[in-house]
Each structure stands twice: as C-alpha cells, then as structure tokens.
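What you are looking at is a predicted structure, and each value in this text was computed from that prediction instead of being measured. When a ligand or atom number is given, it counts from 1 through the structure's own listing order.
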Amino acid sequence: MALPASVRIVEVGPRDGLQNEPDPITTATKLELVERLAKAGHRHIEAASFVSPKWVPQMADHREVMTALMREGKGQPGVRYSALTPNLKGLEAAIECGVDEVAVFGAASESFSQKNINCSIAESLERFAPVVERARDQGIQVRGYVSCVLGCPYEGEIAPEQVAAVARALDEMGCYEVSLGDTIGTGTPINARRMLEAVARDVPVERLAAHFHDTYGQALANLAAVLEDGIQVIDSSVAGLGGCPYAKGASGNVATEDVVYLLEGLGIETTVDLERIAAVGDWITRAIGRPNRSKAGVAVVAKG
Ligand SMILES: CC(C)(COP(=O)([O-])OP(=O)([O-])OC[C@H]1O[C@@H](n2cnc3c(N)ncnc32)[C@H](O)[C@@H]1OP(=O)([O-])[O-])[C@@H](O)C(=O)NCCC(=O)NCCSC(=O)C[C@@](C)(O)CC(=O)[O-]
C-alpha cells in the first residue's frame, strides 16, 4: 500500500504524558501545555481523564482543565479537546464540562483490564456500551482504545485475534476510531504488521490509529511499518512524556517531535510544526523536571 499523503496526529501528552507523574502538576501548567501544543499546530489534543482520583491522582483536576478549555475560552478554535471516560460517572462529569469528544479504554489482555479498570474485558465492554450510546445521543464523538496490542506486562504475548475481537466490539459499539496501544512498547515491526493485518480484517484501517510507546526504542520503526499498511492516525506525546500507572517500567509514548520528523522525511503532511513542537517539548520537560526523550526535539532545540 502507498504511504498516506497526510497523517492526523493525536497529541496525548497532557493525558498519557502526565498521568503517571508522581508530583502534582498545577492546572495552570497543564493548560499552558495544551495552549502551546495547539499553537504548535495540533488539532486534536487529549487533555484530561475523568477517572477516579484515587486511581490516578494526577488527573484529579479533569473538571477544571476541561471546563477551562470548553467553557472559559482557554481552548483554541478548530482544535478538538478530548478526555478519557471509563464509565457513565466520568462521562456525565465530562458532559457538564462541555466536552465534544471522549474515549473509552479497554484492553486485549484480561489481566491488564483488571489492573487498569478493575473489571474483565467482557465487563468493560458492557460498561462502555451505555457510555458510547449516551455520548452519541449528546452529539459527542467517542474514540476507543485497546491496550496491550503487542504485549502485556502480566501475560506476555497477546494473540492478534484477541486484539481484533476487542477492536471490533468497540467499532460495532459506535466508536468512530479505535486506537491500538502498544502499552509497554515491546512490539517490533513484523509483529505490529501482523497485529494490524488481523485487526484490519474486522475494522477498516481508515478507522484505526497507532498508539505506540517507545519503551524498547521500537516505536518509530513500528510506525514506519504500519504506515505502509494504511495507518493514517498516530498518537504521540510531546517530548515522549509518559508511562502507564498499571504497566511497570513502561516509558512514554513515541515523541511527537520524532514522529513529525519521520513523517516530514517520508513526505507526509501533518499540521504540526517541528520547530514549535520541539520548543514545547523543551519547555514542558524543564517545567516538570523530566528528561526530554525526543531525539529530534533535543537536536532541533540544540541547533537553535
Ligand atoms: C475505572 C475505575 C473508575 C473503576 O474503579 P472501581 O473502583 O471499580 O469503580 P467503582 O465504580 O466501584 O467506584 C470506586 C470509586 O471511584 C469513584 N469513581 C468511579 N468512577 C469514577 C470516575 N469516572 N471519575 C471519578 N471517580 C470515579 C467512585 O465514585 C468511587 O468513589 P468512592 O465512593 O470510593 O469515593 C478505576 O479503575 C479507574 O479510575 N481506573 C483508572 C485507569 C486509568 O486511568 N488508567 C490509565 C489510563 S489507560 C492508559 O493509559 C492506556 C492508553 C489509553 O493510553 C492506551 C495504551 O497506551 O495502552
């Protein structure tokens, strides 16, 4: 398959990137990050997570963040700001804040599902169905996630058919797009292609996104592989921030700066400006005292 002419990047830094940070990050810093990301050209930013503050304390200010963006004029026109909503409680709170896009998140691994959202895969799908229905009734778009598509921290290898079954269920439920998460970054290009091939038999590749973590340094290679198989949506996190609270040792998502550099090299368009996003990565890593995990970002900033 030919490479796509353009790719939509979903910036997950403010959510996936920050959710695991142990020290509190102020709401003001989060909002400034979101604003800088939009100014760097992002058109889709996952900004918050309506989950239990006992489970993920860093996302406890989800209401403040989303209300500021959706109701208090802190959001930029033309930018989609989305949030995770694992159940109806989260969705109702998100609706009160005026969100126009949410995401439900399941897993292809039973053990990960239990650790992450405290229920089995089947129970999670039962829980998501009314969330998707209610959201769509309100004119809110719903994205679906499948975690552990290329490996699980508790079960090891995950069969591609298992990933396909969960992706199909989310698609049939009404998710407009299903994002395939290599949560622990153990995938390699051949496995990634095999997994995508299995999923794409059930869900058209145009409705799939790649959400790869870079724990083993394979994310860019995996992305280059799945781009050849029709992927046109990539999730990434500025400066490669992040990690999953329920996947020990998992490092951040692939860095947005690295993805933009790769795509530019392949002649694929995005809306994101490399110099500007590199500056955002430099700023946020200094602001929260984290190393910048984007090689392209560090190089671009060093060049000046
Ligand atoms: C899903 C639950 C809530 C189930 O948790 P539970 O304990 O089974 O739920 P519950 O309904 O029994 O409620 C327990 C308590 O949580 C509260 N609660 C219940 N729901 C909410 C809510 N929506 N917002 C705020 N509070 C909530 C509820 O009110 C109650 O409070 P209490 O009475 O004890 O004070 C919990 O397991 C949870 O919050 N998990 C968080 C999981 C998470 O955020 N993980 C990280 C994101 S997923 C990810 O990173 C992977 C991804 C998407 O990036 C893709 C990839 O890379 O693979």
Counting heavy atoms only, which part of [X] comes closer than 4.0 Å to ligand 1: side chain, backbone, both or neither?
X	answer
V56	side chain
D16	side chain
F50	backbone

Would you indicate which of [options] comes nearest to [atom] when only heavy atoms are counted?
atom	options	answer
atom 55 (C) of ligand 1	G252, A94, G181, S147	S147
atom 28 (C) of ligand 1	K89, K54, Q19, Q114	K89
atom 40 (N) of ligand 1	L150, N116, V104	N116
atom 54 (O) of ligand 1	M59, R15, H213, R143	R15

Residue pair [X] / [Y]: nearest heavy atoms and the distance that separates them:
X	Y	value
R127	N118	NH2-O, 4.2 Å
V102	A94	CG1-CB, 4.3 Å
A167	V199	CB-CG1, 3.7 Å

Numbered atoms and elements of ligand 1 in range of [X], under 4.0 angstrom, heavy atoms:
X	value
H211	54 (O), 55 (C), 56 (C), 57 (O)
G90	23 (N)
I117	4 (C), 37 (O)
N118	6 (P), 7 (O), 8 (O)

K89 to F50 six-membered ring, cation-pi geometry met (6.0 Å, 45°): no
Can you find an N/O atom of [X] closer than 3.5 Å to an N/O atom of ligand 1?
X	answer
D182	no
N87	yes
V146	no

[X], [atom1]: over 12 other non-hydrogen atoms inside 6.0 angstrom:
X	atom1	result
E269	CD	no
Y261	OH	no
Q138	CD	yes
R193	CZ	yes

Side-chain donor or acceptor of D182 paired with backbone N/O of G185 under 3.5 Å: yes
